[in-house]
Peer 1: 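My structure is below; once you've seen it, I'll send some questions.
Numbering starts at 1 and runs along the sequence shown. Side chains are part of it too, since the values below use all heavy atoms of this structure and drop only hydrogens, waters and symmetry mates. Whatever order the structure lists them in is the order used to number ligands and atoms, beginning at 1.
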Amino acid sequence: MGKLDGKVALITGGNSGIGLATAKLFVAEGAKVVITGRNQTKLSSVAEELGSNVHAIQADVADPASMENAVSTVVATFGRLDIVFANAGIAAPTPIGSTELSVFEEVLKVNVTGVFFTVQAALPHLKEGASVILTGSTRATDGAPERSAYAASKGAVSSMARVLAAELSPRGIRVNTLVPGATRTPIWKQSTHDEIAKLEAKHARAIPLKRMGDPEELAKVALFLASNDSSYVQGTEIIVDGGAAAAPLGAPIYHQLD
Ligand code: NAP
């Protein structure tokens, strides 16, 4: 028996990284999954790879009409909607002193407005026991330079989850935030030219578990939040970052100072 037997999930940004790993795990646990993204080539290849329990829809989270259309397709295809993983996000750098308004606004539009309207589009179909998962980031709180818009957007996501949990608790709908630390996904190409190995060597020094995370490790926590295993977990966030936020002094960089 799978943990998500009979359930239908919508995963935004399901054609890459954390969303893709989660789509694979959800299907393995018995769910039917609709993935969205903008890149049709990646959407088609994932749908082909994962088979008939996955349906791919091209939809831009920054366009509420496109998300409403995606939700209608979920219900038309699989008959219901139980889990919303509002995971799509972008990470463009916004250094103070040289940032264009359009770049700053795009980050907020995708990461904040897009998340809100994804949940709003899904809401008419969500019933008692439904689970909404938002993707935050440890960047919300770690003060990483040149990340004003991204950090603000992810802080907003965690704040928004608390409000949504309050508003949707009377309907028995849970809303929580999954908060990844540095994870090995293609998102890093947006903000660095470093090869992944070089990036990891840099980041690992500040992570007590001495490595970046794999998207599959995030997917397992998304599964927990999506399933009834987390039936009393509401309005909170789960940080999955190898200990970087909770125990920074356990990171290798401090050992090297001894
Ligand atoms: P990723 O592989 O780049 O995935 C991002 C996904 O978002 C892609 O599927 C992308 O699909 C989709 N997306 C971006 N803009 C979109 C838009 N306007 N409309 C629809 N889909 C859009 O990166 P990831 O690391 O898995 O990112 C997933 C989430 O985790 C993001 O919210 C990110 O901020 C968060 N996160 C990642 C890390 C990390 O270290 N990797 C750490 C903390 C938080 P298309 O390109 O096809 O649109």
Peer 1: According to the interplanar angle, ranging from 0 to 90°, do the rings of F26 and F85 count as parallel (below 30°), tilted (30 to 60°) or perpendicular (above 60°)?
Peer 2: tilted
Peer 1: Nearest heavy atom to atom 1 (P) of ligand 1 wins, so pick from A62, G13, S16.
Peer 2: S16
Peer 1: Can you tell me if NZ on K42 sees more than 12 non-hydrogen neighbours from other groups inside 6.0 Å?
Peer 2: yes
Peer 1: G136 near ligand 1, heavy-atom distance under 4.0 Å?
Peer 2: yes
Peer 1: Does R139 come within less than 4.0 Å of ligand 1, judged by its heavy atoms?
Peer 2: no
Peer 1: Below a 4.0 angstrom heavy-atom separation, can you tell me which part of I90, side chain or backbone, both or neither, approaches ligand 1?
Peer 2: side chain
Peer 1: Below 4.0 Å from any atom of ligand 1, is there a heavy atom belonging to G181?
Peer 2: yes
Peer 1: Taking only heavy atoms of A59, which atoms of ligand 1 are found under 4.0 Å from at least one of them?
Peer 2: 19 (N), 20 (C)
Peer 1: Can you list the atoms of ligand 1 that are under 4.0 Å from a heavy atom of N39?
Peer 2: 45 (P), 47 (O)
Peer 1: Looking just at side-chain N and O atoms, do R147 and T94 make a donor-acceptor pair shorter than 3.5 Å?
Peer 2: no
Peer 1: Would you call R80-D82 a salt bridge at under 4.0 Å N-O?
Peer 2: yes
Peer 1: Evaluating non-hydrogen atoms only, which member of G89, A88, P215 is closest to atom 5 (C) of ligand 1?
Peer 2: G89
Peer 1: Going by the atom numbers of ligand 1, which of them fall below 4.0 Å from some non-hydrogen atom of A182?
Peer 2: 40 (O)
Peer 1: Any N or O on V61 sitting closer than 3.5 Å to an N or O of ligand 1?
Peer 2: yes
Peer 1: What do the steps show when you test S45 against E49 for side-chain hydrogen bond (donor to acceptor under 3.5 Å, both in side chains), and what is the final call?
Peer 2: CA-CA 6 Å; S45 75; E49 182 193 337; 6.0 Å; no
Peer 1: Could you tell me whether R38 and D60 have a side-chain N and a carboxylate O separated by less than 4.0 Å?
Peer 2: no
Peer 1: Does this structure show an ion pair linking E128 with R171, if we count only N-O contacts that are shorter than 4.0 Å?
Peer 2: no
Peer 1: Take atom CG of L249 as the centre, draw a 6.0 Å sphere, and report whether it contains more than 12 heavy atoms from other residues, nucleotides or ligands.
Peer 2: yes
Peer 1: Within the distance-only criterion (no hydrogens, no angle test), does the side chain of S66 pair as donor or acceptor with the backbone N or O of A59 below 3.5 angstrom?
Peer 2: no
Peer 1: Of the backbone atoms (N, CA, C, O) and the side-chain heavy atoms from C-beta on, which set of I187 has a member under 4.0 Å from an atom of ligand 1: side chain, backbone, both, or neither?
Peer 2: both
Peer 1: Between T135 and ligand 1, is there a nitrogen or oxygen pair with a distance under 3.5 Å?
Peer 2: no
Peer 1: Would you say T36 and ligand 1 have an N/O pair spaced under 3.5 Å apart?
Peer 2: no
Peer 1: Any donor-acceptor pair under 3.5 Å linking the side-chain atoms of Q234 with those of S169?
Peer 2: yes
Peer 1: Does R38 reach ligand 1 with a nitrogen or oxygen that is under 3.5 Å from one of the ligand's nitrogen or oxygen atoms?
Peer 2: yes
Peer 1: Within a distance under 4.0 Å of any heavy atom of Y150, pick out the atoms of ligand 1 and give their elements.
Peer 2: 33 (C), 34 (O), 35 (C), 36 (N), 43 (C), 44 (C)
Peer 1: Test your reading of the structure: does I18 have an N or O sitting under 3.5 Å from an N or O of ligand 1?
Peer 2: yes
Peer 1: Could you say whether the N/O atoms of N87 and ligand 1 ever approach to under 3.5 Å?
Peer 2: yes
Peer 1: Looking just at side-chain N and O atoms, do Q40 and S44 make a donor-acceptor pair shorter than 3.5 Å?
Peer 2: yes
Peer 1: List ligand 1 atoms under 4.0 Å from W188, heavy atoms only on the residue side.
Peer 2: 39 (C), 40 (O), 41 (N)
Peer 1: Is it true that, when you exclude R211 itself, more than 12 heavy atoms of the residues, nucleotides or ligands shown sit nearer than 6.0 Å to its CZ?
Peer 2: yes
Peer 1: Heavy-atom contacts under 4.0 Å between R184 and ligand 1: side chain, backbone, both, or neither?
Peer 2: neither
Peer 1: Check each atom of ligand 1 against the heavy atoms of G17 and keep those under 4.0 Å away; list them by number with element.
Peer 2: 2 (O), 26 (O)
